[in-house]
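Below: the structure, in structure tokens.
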Protein chains: 2
Amino acid sequence: MSDPLRLGIAGLGTVGTGVVKIVRRHADLLTARTGRPITISAVSARSRDKDRGVPLKDYAWEDNAVELAQRDDVDVFVELMGGEDGPAKAATEAAIAAGKQVVTANKAMLAIHGQNLAEAAEASGTQIRYEAAVAGGIPVIKALTEGLAGNEITRVMGVMNGTCNYILTKMEATGQGYNALFEECAKLGYLEADPNLDVGGIDAAHKLAILSSIAFGTQVNFDGIEIEGIQRITLSDIRHAADMGFRIKLLGVAQMTGRGLEQRMTPCLVPYDSPLGQLEGGTNMVVIEGDSVEQIVLRGPGAGEGPTASAVMADICDIARGTRLPVFGTPSNTLTKAPAARSASAAPYYLRMDLHDKPGAMAKVAAALGEAGVSIDRMRQYGHDNEAAPVLFVTHKTTHASLAAALEAIGKTSVVLGEPVALRIEHL
Amino acid sequence: MSDPLRLGIAGLGTVGTGVVKIVRRHADLLTARTGRPITISAVSARSRDKDRGVPLKDYAWEDNAVELAQRDDVDVFVELMGGEDGPAKAATEAAIAAGKQVVTANKAMLAIHGQNLAEAAEASGTQIRYEAAVAGGIPVIKALTEGLAGNEITRVMGVMNGTCNYILTKMEATGQGYNALFEECAKLGYLEADPNLDVGGIDAAHKLAILSSIAFGTQVNFDGIEIEGIQRITLSDIRHAADMGFRIKLLGVAQMTGRGLEQRMTPCLVPYDSPLGQLEGGTNMVVIEGDSVEQIVLRGPGAGEGPTASAVMADICDIARGTRLPVFGTPSNTLTKAPAARSASAAPYYLRMDLHDKPGAMAKVAAALGEAGVSIDRMRQYGHDNEAAPVLFVTHKTTHASLAAALEAIGKTSVVLGEPVALRIEHL
């Protein structure tokens, strides 16, 4: 029997508590699988007195996560505090400097500081593992970094924020509006402290930035992601999409192009009967395409105590078994800086706008679309009882550049109220 | 730069050729990812002269796979010959005895001889990796052994034979019968040399036996699997199932029960709109359920040059990176011998049989069902123009034991022509 692998866990929220429970419940199973006992030396959290439903008295307590990370009796620093900076980053850096291995669920920290942290970890001869940072219980980091290591990855896509998918699915199922469901999510505790992280697409984009880096051997580039949230999606958008055989999903897409790395996290229309279209509620799905493997689809719970703790434990078991991997799949000094590129591939778009109810308004919009080279596949104008006339277009395939030119020209006509909604239609 | 990892590849069919291509095409990428060059020292196959569309002259040739496995310039023996015994097993044993690491796609060999091979590998201080043996390009062995290592696995299910799924899907889509599609598969080269391996469910059962061992920490027990092929499924079965909102899939299920390990690979009815019901053509799907992760669904191509070679390369990359794992996830001396158990959980069943067109026939069948405690949810009798009257029952939930008793009693009534078809209805 080898020496135990000793954990120091910082953060005892849902996930941290879940990890403590698994270590206690499955001690024998984990030892059988990894060849050594997995033990907890110390824990750290904001409040020592809170009852977390799990006994903590066997473990040393640290008020300060940095001190936890540096303890001699800690082999692996398990960072489950969250937040891209602050204590999480300070403690992770301290752990790395002390040569500890790091397991984290912190997508924000990795999406923003991943390159620096990877360089520091390599310099210190250690590693950072983060299966729980992307898509909850789905072992997608492992699938991409190891399971598909023989592939040149051509595209990564996914629905990776369960809260957004819950809201969009439930709008369709119940006919409730966005605002009502946002309130429901707030009450259910489904939202991050800053809800814009969820509904604004930031959280999902953090995850996409991490997957891109592994997939394409590039330095994480969160700032290069085109991000749009779901806040402007209305019930009528969802119903129009359904009428045409589509569902609206907050979809992440990353692919390498001749001009640079395309990364976007935006609401899109996807076919109702595609795997992504069928995804309901808080479930996540990641689609990975490679030159040999063709296409792999991974589906599972994107959040929650059990699934996320399962992912953390996978990293801990790997470390216990002696597995060592570069942080983003290749050494950090080989990761390239790819320029951000907008999608050049043409796609049909769904456009919704409110026109001033005046003669000639529609003609001006149609002319602006035509002049930008955007041709109309379908159009509908709806009955209305106020001055705003809702109009819906589905375009033929067009490039992002043509569409942007058309929208700019439409804006200058002064016949449109507010901002048009433009959603890409993805035929997956 | 570390020393190269040197491969000896035995078997240059579709998969072997695919591996050679990836090693050549992605030399730099593989080196970046694993930290060392991956090279091929020698190859072996039945015919040296065949043009395989890939240059082999840089590699030493061995007529005998055993000699290939023992070469001093081979670190990893890559077994892609197939067959549960014969040269594949002899060469694998020789490689293990010589302390080589082994990568194989050979599900039959592992399902039958896995325990002995694992014991030999451990005694020799080496490992056997076999991602390509189950579900083609889907990294399911890695997901189960590593990605879900923190879970007690509760159930594994899957559609794992692409040929069967192709036939069943195409019967529904085209209205062609089983025999016509079997002939088509034979012409397309979709069938194993012994087609009963595919359509008889044996190949899929080999894969299930491997997954069970990892999932439940048991010695592979292929003989304990209840196996039924798809040969008796008719077009009318498929249409009846569709009428009720189901599709017929060759479904594998493994779960630990209080009485032992339940393993079955049988045609079942699954809901049309479930992930398994939506699976078309040669695609595979594996569903894994664990106490923490809840449910993970993995989907991808189950066969073919690229996907299967991708899986072989994943194992090779792991070895190059220094990853070491017990063959079935825990040391072979900890794997238990679980008795085979039939499913005790009740389920509705689909029953189809041909009755002699005589007065009282239906009454006898209905009585036999009732006496065995099997109650009828729905029944249909069809118009017919010969002496066999086709009759369809859907039962309420019943146990396998009750159903077996009913079928035995029905057999004794002498009013049934041939063997009834009984398919479990799985509400997933």
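Quick note: numbers below take in every heavy atom, side chains included, and nothing from hydrogens, waters or symmetry partners. Below, read A as the first sequence line, B as the second, and so on, with proteins coming before strands; counting in each chain starts at 1.
Within a 6.0 Å radius of CG in A:Asp28, other residues, nucleotides and ligands contribute 12 heavy atoms or fewer.
Here the side chain of B:Lys207 pairs a donor or acceptor atom with the backbone of B:Met160 at under 3.5 angstrom. With hydrogens and angles disregarded, no donor-acceptor distance shorter than 3.5 Å links the side chain of A:Lys107 to the backbone of A:Ala132. In this structure, A:Asp75 contributes its side chain and A:Leu5 its backbone to no donor-acceptor pair below 3.5 Å. Of the possible donor and acceptor atoms, none in the side chain of B:Asp315 sits under 3.5 Å from a partner among the backbone N and O of B:Val103. Checking side-chain atoms of B:Arg6 against main-chain N and O of B:Thr39 turns up no donor-acceptor pair under 3.5 Å. B:Thr163 contributes a side-chain N or O that, together with a main-chain N or O of B:Tyr190, makes up a donor-acceptor pair within less than 3.5 Å. Remark: the backbone N or O of B:Ala254 is not paired with any side-chain donor or acceptor of B:Ser212 at under 3.5 angstrom.
Most heavy-atom pairs under 4.5 Å with chain B: of the set A:Thr145, A:Thr34, A:Val140, A:Thr334, this distinction falls to A:Thr145. The greatest number of non-hydrogen atom pairs below 4.5 Å with chain B, out of A:Ala32, A:Gly290, A:Pro275, is found for A:Ala32. For the options A:Asn151, A:Leu148, A:Asp273, heavy-atom pairs under 4.5 Å to chain B are most numerous at A:Asn151. Interface summary for chain A: among B:Gln295, B:Met285, B:Gln278, B:Lys142, the most heavy-atom pairs under 4.5 angstrom belong to B:Lys142. Between chain A and the options B:Gly217, B:Ser310, B:Ala309, the largest number of non-hydrogen pairs under 4.5 Å is found for B:Ser310. Comparing B:Met313, B:Glu131, B:Glu152 by heavy-atom pairs within less than 4.5 Å of chain A, the highest count is held by B:Glu152. Your options are B:Ile141, B:Val23, B:Ile22, and the one with the most heavy-atom pairs under 4.5 Å with chain A is B:Ile22. Across B:Gly136, B:Pro307, B:Gly150, B:Ala311, the residue that shares the most heavy-atom pairs under 4.5 angstrom with chain A is B:Pro307. When the candidates B:Pro301, B:Gly306, B:Ser292 are compared by the number of heavy-atom contacts under 4.5 Å with chain A, B:Ser292 comes out ahead.
Heavy-atom distances place both the backbone and the side chain of B:Glu146 under 4.5 Å from chain A. When heavy atoms are compared at a cutoff of 4.5 Å, B:Thr308 does not approach chain A at all. With a threshold of 4.5 angstrom between heavy atoms, B:Leu298 approaches chain A through its backbone and through its side chain. With a 4.5 Å cut-off on non-hydrogen atoms, B:Leu30 touches chain A through its side chain but not through its backbone.
Atom CD of A:Glu294 is separated from atom CD of B:Glu305 by 10.0 Å, given to the nearest 0.5 angstrom.
Checked options A:Val286, A:Thr283, A:Val287; the residue passing with A:Arg299 is A:Thr283 (criterion: side chain to side chain contact (heavy atoms under 4.5 Å, CB included)).
Using non-hydrogen atoms only and a strict 4.5 Å limit, the part of residues 316-332 of chain B facing chain A consists of B:Cys317, B:Asp318, B:Arg321, B:Thr323, B:Arg324, B:Leu325, B:Pro326, B:Gly329, B:Thr330, B:Pro331.
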- Under the salt bridge (charged side-chain N to carboxylate O under 4.0 Å, His left out) criterion, do A:Asp291 and B:Arg25 qualify, and how do the steps go? CA-CA 11 Å; A:Asp291 63 345; B:Arg25 184 168 76 237; 3.2 Å; yes

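Looking only at side-chain heavy atoms (C-beta outward), B:Phe216 and B:Arg155 stay at 4.5 Å or farther from each other.
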